A.B. asks: 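Structure in structure tokens, see below.
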Amino acid sequence: MSLKLYNTLTRTKEDFVPIDPANVRLYVCGPTVYDYAHIGNARPVIVFDVLFRLLRHVYGADHVTYVRNITDVDDKINARAVRDYPGVPPVEAIRTLTETTYGQFQADVAALGCLPPTFTPRATEHVATMVALIERLIARGYAYAAEGHALFHVPAMKAYGALARRSLDDMIAGARVDVAPYKRDPMDFVLWKPSSDDEPGWPSPWGRGRPGWHIECSAMSLDTLITPSGGGFQCDDPLKNTFDIHGGGIDLVFPHHENEIAQTSCALGTPRMANVWMHNGFLQVEGEKMSKSLGNFTTIRDLLADWPGEVLRLTMLRSHYHQPIDWTVRGMEESWRVLDDWYAVTADAGEGAVAPAVLDALADDLNTPKAIAELHGLKQQPAALAATLRMLGFLADTPAAWAARRPAADVDAAAVNALVAARLAARKAKNFAESDRLRDELAALGVTLKDGKDPATGEPVTTWEAKR
RNA sequence: GGCCACGUGGCGGAGUGGUUACGCAGCGGAUUGCAAAUCCGUCUACGGGGGUUCGAUUCCCUCCGUGGCCUCCA
């Protein structure tokens, strides 16, 4: 099967060729853990989970390494820790905040049907590698120390801007940043910055401080994906200092990913860091940009209170990952209806194989809307439908558990059963006025009836369920 | 201001230089005492204007609209 992926680096859809088919390596930028993740954060998590599952299917479950980092050092974290844990020593407050928040994140994404990545490194556990990377960059003339900072000197790198496709002139022309006096060039970015006593800090050749934003991903991908495969500081082989796929939100293209590339490629002598760069599009809520001021800042946790995780997952995958998506209640309702149908169709399904048509759609740059269309075509093949849905991270519930997820009206089952029996008797006696009256009465209680016939005897039978 | 995406039927959403996916809703039929559920069938589209072409929703230009990035936001 040939897998095609759109590569931001080349702006084209390319055939995916792993560096080592026995170990396909994927890195995705993970959460900064200071608050509940919002529904926009869920998009890359779900999209790259589908990619992870597809890669595992194609190359084998043991031949894919998926890394999603945890950013647990960040100024927003520091600020939140001070706010939420007054009186607690900062280091302790930060640890409590990041551990708590990451626990929430893990629970949220598990509910969304996402597999755990192979590794989930924390930035704070890779500071030594960050320091080593910065030292290497300084030694090779790509970075310099100034006033307790270490900075990457952008003009030292010829290819800078290749991912974002913008020239230095463009960036300077559009610059709206205050240029710190210790910068040699306005575009230079921070690799390391000094910490005050109540901020998290680590010893370094430039004094006690903490990493800049971008260096952590260079360090964690190096430690988890490059060094274990024979690359790293002791290796100048560009092929060994590159991994396969790097993913994240479209907003990370610049400056985050551009700077990651600058750091890793200049430190390790590799031209591109990762062969394929994938970026998911943004999400709006009910047609508006999601923001706290508009009051439509929607967390995954809030949505999970009212909607099954699989509903959120399907809603996310009904749009191609590259397209913008408008997140609406109507969209979630439609997803729920579709999943109800799939759960019903697959209730008694046996063992089946994953449908090739769905795999083909996924192999075409993760065309999940096309894949879903193909799923609709599998209703006559319940076993294949079930196997394919499971491969995509659906059907984790039993049919009964799924049905129970819909908030039901609070009804007295014995009373309902009595009314249903009375109606059945009335129908048998052809007293339809009475049977319709009983049906209306049940409807008023929030009970929906399903009439049918016993397949063996032909006797009329009625089942019911409570709707919300 | 600079750079970059996107704009498909009532709604969601693929795709393609010429046979108008798929889903939800709607409508029609089967079924039903009547309904519900189910099954079958079915209507509606490619932002505006130019251009290339035998032919464009699909390629090019332009305008309009929406959104993103421009130092720490998926």
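Here the structure is a predicted model, which means the values were calculated and not measured.
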A.B. asks: If only side-chain N and O atoms count, and only distance matters, is there a donor-acceptor pair under 3.5 Å linking Asp302(A) with Tyr36(A)?
C.D. replies: no
A.B. asks: What I'd like to find out is whether the side chain of Phe48(A) reaches to under 4.5 Å of the side chain of Tyr66(A), using heavy atoms alone.
C.D. replies: yes
A.B. asks: For Val253(A), which contact category applies under a 4.0 Å heavy-atom criterion: base, sugar-phosphate, or nothing?
C.D. replies: nothing
A.B. asks: So, is Lys289(A) close to the U66(B) phosphate, meaning a side-chain N or O under 4.0 Å from OP1 or OP2?
C.D. replies: no
A.B. asks: Establish, for the pair Arg427(A) and Phe432(A), whether the NZ or CZ atom is under 6.0 angstrom from the six-membered ring centre and no further than 45 degrees off its axis.
C.D. replies: no
A.B. asks: Measure from CG on Asp188(A) to P on C72(B) and round the result to the nearest Å.
C.D. replies: 16 Å
A.B. asks: Starting at atom CH2 of Trp277(A), determine the distance to atom P of C69(B), rounded to an integer number of angstrom.
C.D. replies: 18 Å
A.B. asks: In whole Å, what is the span from the CE atom of Met278(A) to the C1' atom of A74(B)?
C.D. replies: 14 Å
A.B. asks: Does Gly40(A) reach a base, just sugar-phosphate, or nothing at all? Heavy atoms under 4.0 Å.
C.D. replies: base
A.B. asks: With the side chain of Phe254(A) defined as its heavy atoms from C-beta on, choose the nearest nucleotide among G33(B), C70(B), A74(B).
C.D. replies: C70(B)
A.B. asks: Expressed in whole Å, how much space separates the C1' atoms belonging to C69(B) and U58(B)?
C.D. replies: 28 Å
A.B. asks: Among A74(B), G7(B), C69(B), find the nucleotide with the atom closest to the side chain of Asn280(A).
C.D. replies: A74(B)
A.B. asks: Once you round it to whole Å, what is the distance between C1' of A25(B) and CH2 of Trp336(A)?
C.D. replies: 19 Å
A.B. asks: The side chain of His38(A) is closest to which nucleotide in this list: C22(B), A74(B), A14(B)?
C.D. replies: A74(B)
A.B. asks: Rounded to whole Å, please give me the gap between NZ in Lys430(A) and P in U32(B).
C.D. replies: 12 Å
A.B. asks: To the nearest angstrom, how far is Trp342(A) atom CH2 from C22(B) atom P?
C.D. replies: 15 Å
A.B. asks: When the C1' atoms of G2(B) and A25(B) are considered, how many whole Å apart are they?
C.D. replies: 44 Å
A.B. asks: Distance between the C1' atoms of C24(B) and A30(B), in whole angstroms?
C.D. replies: 22 Å
A.B. asks: Using a strict cut-off of less than 4.0 Å between a Lys/Arg side-chain nitrogen and an Asp/Glu carboxylate oxygen, indicate whether Asp341(A) and Arg337(A) qualify as a salt bridge.
C.D. replies: no
A.B. asks: Between U32(B) and C11(B), how far is it from one C1' atom to the other, in whole Å?
C.D. replies: 31 Å
A.B. asks: What interatomic distance, in whole Å, is found between P of A14(B) and the corresponding atom of U8(B)?
C.D. replies: 10 Å
A.B. asks: Regarding Thr32(A) and Asp74(A), do their side chains bring together a donor and an acceptor under 3.5 Å, going by distance alone?
C.D. replies: no
A.B. asks: State plainly whether the residues Lys370(A) and Asp364(A) are in salt-bridge range, i.e. N to O under 4.0 Å.
C.D. replies: no
A.B. asks: Please report the distance separating the C1' of U53(B) from the corresponding atom of C70(B), rounded so that it comes out in whole Å.
C.D. replies: 40 Å
A.B. asks: If you measure only the distance, is there a donor-acceptor pair under 3.5 Å linking the side chains of Asn69(A) and Tyr27(A)?
C.D. replies: yes
A.B. asks: For Thr328(A), answer base if it contacts any base atom (sugar-phosphate contacts may also be present), sugar-phosphate if it contacts only those atoms, and nothing otherwise; contact means non-hydrogen atoms under 4.0 Å.
C.D. replies: nothing
A.B. asks: Map Gly287(A) and Arg11(A) onto RNA chain B by nearest heavy atom, then report which one ends up closer to the 5' terminus.
C.D. replies: Arg11(A)
A.B. asks: Considering just the side-chain nitrogens and oxygens of Asn259(A), establish if one lies under 4.0 Å of OP1 or OP2 belonging to C72(B).
C.D. replies: no
A.B. asks: Would you verify whether the NZ or CZ of Arg210(A) falls within 45 degrees of the ring axis of Trp202(A) while also being under 6.0 Å from that six-membered ring's centre?
C.D. replies: no
A.B. asks: Pairing of RNA chain B as dot-bracket, 5' to 3': ( ) intra-strand, [ ] crossing, | other strand, . unpaired, with Watson-Crick or G-U pairs under 3.5 Å?
C.D. replies: (((((((..(((.....[...))).(((((.......)))))....(((((..]....))))))))))))....
A.B. asks: With heavy atoms under 4.0 Å as the rule, sort Asn367(A) into base, sugar-phosphate or nothing.
C.D. replies: sugar-phosphate
A.B. asks: Could you state the atom-to-atom distance from CD of Gln284(A) to P of A5(B) in whole Å?
C.D. replies: 18 Å
A.B. asks: Any donor-acceptor pair under 3.5 Å between the side chain of Glu334(A) and the base of G23(B)?
C.D. replies: yes
A.B. asks: Tell me which of Arg337(A) and Met290(A) sits closer to the 5' end of RNA chain B, going by the nucleotide each one is nearest to.
C.D. replies: Arg337(A)
A.B. asks: Of the listed nucleotides (G7(B), G33(B), C40(B)), which one gets closest to any side-chain atom of Gln323(A)?
C.D. replies: G7(B)
A.B. asks: Can you see whether Trp192(A) engages Ser204(A) through a side-chain donor-acceptor pair at a distance of less than 3.5 angstrom?
C.D. replies: yes
A.B. asks: Does any donor-acceptor pair link the side chain of Ser319(A) with the base of G12(B) at a separation under 3.5 Å?
C.D. replies: no
A.B. asks: Would you measure the distance from the C1' atom in U57(B) across to the matching atom in G47(B) and give it in whole Å?
C.D. replies: 12 Å
A.B. asks: Assess, by modelled atom type and distance only, whether the side chains of His153(A) and Tyr142(A) contain a donor and an acceptor separated by less than 3.5 Å.
C.D. replies: no
A.B. asks: Listing request: all ring pair (Phe, Tyr, Trp, His ring centres under 6.0 Å) pairs with a residue in residues 280-302 of chain A, at least two apart in sequence or in separate chains.
C.D. replies: His38(A)-Phe297(A)
A.B. asks: Pick the C1' atom in G26(B) and in C43(B), then give their distance to the nearest Å.
C.D. replies: 9 Å
A.B. asks: Tell me whether Lys4(A) is salt-bridged to Asp15(A), with the criterion being a basic N under 4.0 Å from an acidic carboxylate O.
C.D. replies: yes
A.B. asks: So which protein nitrogen or oxygen atoms get under 3.5 Å of nucleotides 34-38 of chain B's nitrogens or oxygens?
C.D. replies:
residue : atom : partner   : partner atom : Å
C34(B)  : O2   : Arg439(A) : NH2          : 2.8
C34(B)  : N3   : Arg439(A) : NH1          : 2.9
A35(B)  : N6   : Asp451(A) : OD2          : 2.8
A35(B)  : N1   : Asp451(A) : OD2          : 2.9
A35(B)  : N3   : Arg439(A) : NH1          : 2.9
A36(B)  : N1   : Asp451(A) : O            : 3.3

A.B. asks: Of the options G15(B), C22(B), G33(B), whose atoms approach the side-chain atoms of His376(A) most closely?
C.D. replies: C22(B)
A.B. asks: Tell me whether the ring of Phe282(A) lies stacked over the G68(B) base, given a 5.5 Å limit on centroids and a 30° limit on the plane angle.
C.D. replies: no
A.B. asks: So what does Arg318(A) touch, heavy atoms closer than 4.0 Å: a base, only the sugar-phosphate, or nothing?
C.D. replies: sugar-phosphate
A.B. asks: Figure out the CG/C1' separation between Leu283(A) and G68(B), and round it to whole Å.
C.D. replies: 13 Å
